[in-house]
Amino acid sequence: MELYQFSSTTVLLLLAAFYGGTYLITTFIKKEQEDTDAFMVSNHSVGFGMGAASMTATWIWAASFYAAATSGYTYGVSGPLHYGLWGALMILFIYPFGRRFRALAPRAHTLGEVIHARHGSSSQLILAFSNLLGSIISLMVNFTAAGALVSVLSPLSFQTGVMIAGVGVLSYTLWSGFRASVLTDFAQLIALMAIAVVIIPAVLFAMGGPAEVMNGFDNLTAEQANLFSTDAILHQGAPYFVAVLAYAIGNQTISQRLFAVNEKHIKPTFLTATLGYGAIVIGLGMIGLMALSNGVEPLDGDMNNLIPQMVSSYLPPVFIGLFFILVIGSLSSTADSDLSALSAIIMADVYGKNIAKGKACPKRMLFIGRLTMVVATMLGIIFASFSLDILVMLVFVGALWGAIVFPVIASCFWNRVTNLAFTSSVIAALIMFCVARFELLEMTGAVAMMFELLASIGGGVVIGLMAFGFLGRHIGFIAGIISGLALMYFSTSFLREYTVLLSSLVAYGVSTLVCVVVSLLDNQKFDFELIKQRVGNYDDCSEHAGPAAVQPTHLAKES
């Protein structure tokens, strides 16, 4: 199979045109008055169109191309559905809990600020650290995708692609922060949707059309041809379902948009993003299925090369150029969100609440935020040079975040949760997760049975939380208990064979058990009204004595 490649000059010109155009878009943002709150959450006033586009573009990132295609290539017909459907559902899942977070702290910038007002520094810093780790890994994933794309479609090296993507994203995000991310997301999503509608059918018909692809299904194994493949569910669907649930609660790029969108538009924003994400990503995953049915082998055995390889092999240069812009746009929209998220965490969670102790200087915060973006970009570029498997990284980070899901949600709904309960539950869950994930103890006999029981509880927690979010407390309790008991019956001597799923569910189960038990040992009750009083806008705080004072603020044009 011959791969088409652009010249180095052509690729450099395409990259310069994309990042140059993106930078020009950000010049429409008002810059005559520096505003810390606008830099972090666009003054909580992002409208429906901008909000939905930004949420969709952020969620459709490099992994949506590469990991979705890997899923389709590995697991067959059900792979793209497991990736796209569960990812879309988790955007919807954010909505019911997001309303609660926003009601408790309408002027928050990070979820960590809510936890700080609820528990104090230790719990907040645990959440902040997990977000820092996740966003750095996300940057690494997106820069890795850029390097893979450039190295396959041009003579340029992998490292060159990584460097250009890192510098390009930093160039247009550095000054305006979250405002630049939201504004460019809108333009990037329009281009992404328009190009995807052309690229996916083009690859299909270049391979001979639907009939030819269907004939290639003879090359699939019985499991790959089965829409309800047990192998796909246990190795891909279930672990990803659990991982993305954790992303919904633990990812600052998502909660940042939750706090930025105008409160009146939260529901339509998340509903629209759910539909948009699912439709686009399932379609992109089908390219991996096409490759599988046609017997295509990934270049150099690297799954990250699969989609660039398919496009390069089957499409003419014009379509390849469109695809190049498509992927660069998708990874850039998420990378700039990661930079904005990282800067907000350092500005608000680390400096604002712990170093400045609520007496933050807005100008100093802006400097710290921009410095964070520079350092984060450097780290992302360095880590991307390792060229790790994207799908594996996604599931691993999601499982780590699973340790904080129940403590965060419980802290915002149950007044008995204490700081000790939060911190101890997360630490215990991370320890048990690592034991199961890396098999530090041999998973046999009584040890395996114990972990399977903990995982069963974790599975009940996942189902219970989802039911609770959409259907209420009573239905949530019933669904969680029934699911947990069913898993205890069916998973014994079975779940130990699926390490990724087992360890992910163990994180949920352990954090829930420890959080509930430690909370019940203490009789103190928290007044949730205190959160609103303790979390406010930083620019307002610099001019008013009360931290919750609110006044009209300088809005960015895109709001």
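Starting from 1, each residue takes its place in the sequence as its number.
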Main-chain N/O of Val77 paired to Gln224 side chain as donor or acceptor, under 3.5 Å: no
His265 and Phe48 aromatic ring geometry - parallel, tilted or perpendicular at 30°/60° bounds: tilted
Thr27 side chain vs Tyr23 backbone, donor-acceptor pair below 3.5 Å: no
Ser337 (side chain) donor-acceptor with Thr58 (main chain) under 3.5 angstrom: no
Arg179 backbone acceptor or donor facing Ser176 side chain under 3.5 Å: no
Check: Ser54 side chain, Gly51 main-chain N or O, donor-acceptor pair, under 3.5 Å: no
Polar side-chain atom of Glu223 near backbone of Asp231 as donor-acceptor pair, under 3.5 Å: yes
Rounded distance (nearest 0.5 Å) linking atom CG of Leu192 with atom CD1 of Ile190: 10.0 Å
Polar contact flag, side-chain donor to acceptor under 3.5 angstrom, Asp338-Ser138: yes
Aromatic contact, Phe6 with Tyr4 (centres under 6.0 Å): yes
Donor-acceptor side-chain pairing of Glu452 and Thr492 below 3.5 angstrom: no
Donor-acceptor pair, side chain of Asn294 and main chain of Val296, under 3.5 angstrom: no
Flag for Ser456-Ser491: side-chain donor and acceptor within less than 3.5 Å: yes
Separation between CD1 of Ile307 and CZ of Phe323, rounded to the nearest 0.5 Å: 5.5 Å
Side-chain donor or acceptor of Ser343 paired with backbone N/O of Ser340 under 3.5 Å: yes
Derivation and outcome, side chain to side chain donor-acceptor pair (under 3.5 Å), residues Thr70 and Tyr83: CA-CA 10 Å; Thr70 298; Tyr83 191 93; over 6 Å; no
Gap between atom OG1 of Thr253 and atom CG of Leu258 - 0.5 Å precision: 11.5 Å
Rounded distance [0.5 Å steps], OG1 in Thr221 versus CG in Leu292: 8.0 Å
